[in-house]
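Here the structure is laid out as structure tokens; the discussion comes afterwards.
Below, each value reflects all heavy atoms present in this structure, side chains not excepted, and no hydrogens, waters or symmetry copies. In what follows, chains are A, B, ... by sequence order, proteins preceding strands, each numbered from 1.
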Number of protein chains: 4
Amino acid sequence: MAMVCLSDFEAYAKKYLPKIAWDYFAAGADDCTTRDENILAYKRIRFRPRMLRDVSVMDIRTKILGSEISFPVGIAPTGFHQLAWPDGEKSTARAARAMNTCYIASTYSTCTLEEISAAAPGGLRWFQLYVHRNRAASQQLVQRAEALGFQGLVLTADLPYTGKRRDDVRNGFRLPSHMKVKNLEGAFEVCKMSPLDPSVTWNDVYWLRSLTRLPIIIKGILTREDAELAVRHGVQGIIVSNHGGRQLDEGPATIDALVEVVEAVQGRVEVYVDGGIRKGSDVLKALALGAKCVFIGRPALWGLAYKGEEGLQDVLRILQDEFRLSMALAGCASVSEIGQHLVQFSKL
Amino acid sequence: MAMVCLSDFEAYAKKYLPKIAWDYFAAGADDCTTRDENILAYKRIRFRPRMLRDVSVMDIRTKILGSEISFPVGIAPTGFHQLAWPDGEKSTARAARAMNTCYIASTYSTCTLEEISAAAPGGLRWFQLYVHRNRAASQQLVQRAEALGFQGLVLTADLPYTGKRRDDVRNGFRLPSHMKVKNLEGAFEVCKMSPLDPSVTWNDVYWLRSLTRLPIIIKGILTREDAELAVRHGVQGIIVSNHGGRQLDEGPATIDALVEVVEAVQGRVEVYVDGGIRKGSDVLKALALGAKCVFIGRPALWGLAYKGEEGLQDVLRILQDEFRLSMALAGCASVSEIGQHLVQFSKL
Amino acid sequence: MAMVCLSDFEAYAKKYLPKIAWDYFAAGADDCTTRDENILAYKRIRFRPRMLRDVSVMDIRTKILGSEISFPVGIAPTGFHQLAWPDGEKSTARAARAMNTCYIASTYSTCTLEEISAAAPGGLRWFQLYVHRNRAASQQLVQRAEALGFQGLVLTADLPYTGKRRDDVRNGFRLPSHMKVKNLEGAFEVCKMSPLDPSVTWNDVYWLRSLTRLPIIIKGILTREDAELAVRHGVQGIIVSNHGGRQLDEGPATIDALVEVVEAVQGRVEVYVDGGIRKGSDVLKALALGAKCVFIGRPALWGLAYKGEEGLQDVLRILQDEFRLSMALAGCASVSEIGQHLVQFSKL
Amino acid sequence: MAMVCLSDFEAYAKKYLPKIAWDYFAAGADDCTTRDENILAYKRIRFRPRMLRDVSVMDIRTKILGSEISFPVGIAPTGFHQLAWPDGEKSTARAARAMNTCYIASTYSTCTLEEISAAAPGGLRWFQLYVHRNRAASQQLVQRAEALGFQGLVLTADLPYTGKRRDDVRNGFRLPSHMKVKNLEGAFEVCKMSPLDPSVTWNDVYWLRSLTRLPIIIKGILTREDAELAVRHGVQGIIVSNHGGRQLDEGPATIDALVEVVEAVQGRVEVYVDGGIRKGSDVLKALALGAKCVFIGRPALWGLAYKGEEGLQDVLRILQDEFRLSMALAGCASVSEIGQHLVQFSKL
């Protein structure tokens, strides 16, 4: 079977992953409305393509927080990559480096930060943090990440408690016994989320700032009010995210929330978005609406499930080719030419 | 089979109830448009969740007409609970008391008010009234309820005649011979609705007021005009309701009508809503739009059908957990923090 | 099988009529978009029901052009009733009289006007006219109708040519050899529509006026501009109609066009509507939006197909009961209380 | 099977064409959203038909760039007609001439321009150009076309690169070995699109102007900005087109873009539209919104697939009959009476 578009990888993963793993990756909260809306919302945005521009030389590179990446698509933090492929996050790190893009490693990795670093030295990586009730454990993680050369710290803001994902409850989801949340080994047991601290507030951004010189990116912002707070608390970046629709169901689609956040931020910090990216033209839409870069979650896992590092590279390469082509067909030869004039919201 | 969400109880009830009972509970008027709209309308409301608030200590209690309940979900008046479970309304009363919430017992109960009271002494209960052509019969019922410690009188306003529920007509629905509308035994025969008085008007609110010191709550209001009349006639509360879509088909969904009623009432009386509540986040939406509490009808019957008192407690507990979680994920630690800023109406 | 609502009659007719007859009655032009929109448009209208009004005594009578009918539903002109029932239009006339309402007999009847009159002496009837190229033939028909006691002349304005109904083309539809368009026998052959005059204009209303003292009702108006012209040319009534979606596909639903026409006419002539009426509450919506009466087409044919005169009475009685009930549940005790305040257009 | 409407030809073609050919003709880019939107958008436009106008004599002729055609429907440029019928573009040319309308022959024809001309001498034809990296090759083509009596030069603006059509990728689409892109034989190989020049800009319109005295029509414009540029660069006509949804997916439907382009152009040049025309009433809608003529792509190929020249004539004749009928039913006796007053956009 030819792997032509991301849906092919999705179909493959659904067919070959163990049901409990597929369900875990696919899960959305409650009725999965927001998970699905993330995708549907892209379909309500229409291009206004421009013709007869010279698109013979295409430049799709961009920079995030000063680092150049080969195209504006990175790997969002997702947990438990060994559920998708034996080498887990090591494969993810290698694929991201091979494609010259950014990989945000999750607190819930099944490889240690050290293993991830060693697998792909020199790759651009950020570290995603859940704050532990035992703050010393979190402090130690942040400092390990900085020492290992991670270049950004991503604070997840939308998981004071874990969302209700019905299939995981039905399946009694837990990691197979041979996998571990290695970065936290001993610190807590995965299936009870209680070690995560639901009392985290904006003030904890100052605490994080005191621990590290890394830029802080906050993930999970969906409103202009919170975007304003993020800027005021001195973060360097915002990832507009609803956790793939796995936390509060029936919040906004991320591409819709992006518009509101970009407007509030007014260029003071970089804004990224994840959720619902399935085609290169989705990337173009997100950039037209003000995102500096997008991050993919489930599609990266499908790539891993297909062929590990190589499969994830396939996924990234397809997105790259599609993104380049859609840019050209919309009349843009470089990322700097992408702007809001390229899109309109369908009234339907 | 794990009972994870309310739909699981619905599926169980559909499978195990006698068809005639399932059909009666499920029935909507005519094309069932309003019955289904009650649910769909919730899906058109989107949250605007706020992040990084301290939600480590959650308080989901509220008060209705001065009485504290454990969370803002009560049991709406529905008829014929013995169709769902042998102990009928006695089980309902016990479950409501166990969960520390309010149960509105229907005129069409298959247990007497005395039996209901005796089953769960001390529980918070209101009594729902249909006005009889024989006003003395209604007066006697109201006074029995007050004497038994019921703490509110709910006047149903939307049933001058019974709506046309096609399946009930096809099934020739009537109560099995071993069940009775006990509160009215002798006073009328259920299947012909003629004993109900279609000449009831707003003036009859004054008549009720003259019979009892109980607070009067009017149920079935859908417009600002009627909400204004209710306030002017001195009621203490309004239940925005379309009778589960069983009366006039193609009226508004209750969550949509709630907005209009809350705006008209401007805090002069408490406003509640029933119809279409299927998830804890629906409760959060209703409260964000101004409801003081919601009431569940069919889901309570599904709980009874599953395991009587215990099954209804399961339903309430699931709603409670989901409500608490959705509050936390939206950034609210107590009911007092819930407000209109949390929601927006989708344009789709 | 119980006949509970109009869909039951539709299902019966679809099952028992010869396919060629069912297809002919069911046909819409082209993609049948307008045929189906006529029904869907009603579903976009929401009631704003009012509570606690005295609806113990219901009066659902109305008057059209001065004649009282038992409720505001008449029989629209449709052709070839013998395709539905052996006695054809004679049964239709009897049922309309029995239910004390108005029957508009079509030029394309399979009984003569004389047979129709004789079948139900004293019934309220109007005659629907297609203008013949041979104007003398039309003049003779109009004068026969007047002499026979028909009380209105309905000029169909939307059929200069017959719409393209794909199923009729595929079926090679023509009347069975034992049926005839008796009123025009000899004057033309049905399947070629050429005898109808596509040059008819507004001036021909004056010509008709010169032929008869009957009130003239124009059928097929869909715009404010044509409504204004109708009033200026002295008609007594307008039937907002798109010929059941059988002529120009993708014009407006009639209930939507009604609003525009009523606004233009401002009470100067009576306005009626046909198309898409399937429930008593549809009648209530049409009246709320300004129609004086509605006419049913296909549902009348389904009634005939079920049991002739008796079946059509069943259909009318169901509509009558549903209309009365929906009025009561909306808080109206008489037709005069119905107004625009009862409805709103859904934004969805 | 009776061929009653264009869908019948589509069904035939899908059944009888080789899968690889059907897929190639049917293909849309990516998710095929725009391909399907082209059709759906027509369904959101509603007629406002006018009654009682004299439509006994119908005149459906029009002129494009000064040449009279029998009705406002021409043949859009599509490639590889031999995939549909052995005689390929020769049959197309004959059918267009027989129906007295305009045929735009594609650069990607499987017959030479000389063969096409010889097949139907005297027919009205335009030539569609893709600009070659080797400009001399393009110059030679343009001049051959002019010499052969082609009367217009259509520059396609929306194909700097070929869109991603998943089925073609899966099928490994390429022409069967016995077919050739004859006009470019030797100049390039079809399946690699590299010979096409992605550096073409508006300035190349001036270059084309220097090569030929033929009127230049630009095809693929979707925005007011590009429409303005087209007028300023001196083209004689604009075809609003999204290449049948085969290039950038999720751009606007052409009938929606038409409104914007017509408004920008304000009559300075003729505007045409292709994409989504499936019924005569679609043609009427396009004209009402300002198109001078429409062009059909896939339906012409279905006609060829059915019976070559004869099948394409059938398709055109059906469209012609439907267009004439819809004009009459909307109250227009000639093309000059068609205007924006005839349509409105549905809010749904």
Legend entry - B:Asp321 versus chain A, the contacting section by heavy-atom distance below 4.5 Å: neither

Inset, instruction - Could you check whether the rings of A:Trp126 and A:Phe295 sit parallel, tilted or perpendicular, using 30° and 60° as the cut-offs? - result: tilted

Inset, instruction - Using modelled atom types only, decide if a donor and an acceptor are shared between the side chain of A:Arg165 and the backbone of A:Arg246 within a distance under 3.5 Å. - result: yes

Inset, instruction - Validate the cation-pi geometry between B:Lys285 and B:Tyr42: distance from NZ or CZ to the six-membered ring centre under 6.0 Å, angle to the ring axis within 45°. - result: no

Inset, instruction - Can you tell which part of A:Asp249 gets under 4.5 Å to a heavy atom of chain B, answering side chain, backbone, both or neither? - result: both

Legend entry - Side-chain donor or acceptor of A:Arg209 paired with backbone N/O of A:Thr212 under 3.5 Å: yes

Inset, instruction - Scan B:Leu319, B:Asp282, B:Val283 and name whichever one has a side-chain contact (heavy atoms from CB on, under 4.5 Å) with B:Val294. - result: B:Val283

Legend entry - Under 4.5 Å from any heavy atom of chain B - which part of A:Arg224: both

Inset, instruction - Between chain B and each of A:Glu260, A:Glu225, A:Gln247, count heavy-atom pairs under 4.5 Å; write down the option with the most. - result: A:Glu225

Legend entry - A:Asp31, part contacting chain B, at a heavy-atom distance under 4.5 Å: both

Inset, instruction - Measure up the B:Phe71 and B:Phe323 rings against each other and bin them: parallel (under 30°), tilted (30 to 60°), perpendicular (over 60°). - result: tilted

Inset, instruction - Compute whether any side-chain donor of one residue and acceptor of the other, for A:Asp158 and A:Asn242, lie under 3.5 angstrom apart. - result: no

Legend entry - Engaged part of B:Arg53 at the chain A interface, taking heavy atoms whose separation is under 4.5 Å: backbone

Legend entry - Option that, when pairs with chain A are counted at under 4.5 Å, heavy atom only, ranks first among B:Pro49, B:Ser326, B:Ala2: B:Pro49

Legend entry - B:Met58 versus chain A, the contacting section by heavy-atom distance below 4.5 Å: side chain

Legend entry - Part of A:Thr223 within contact of chain B (heavy atom distance under 4.5 Å): both

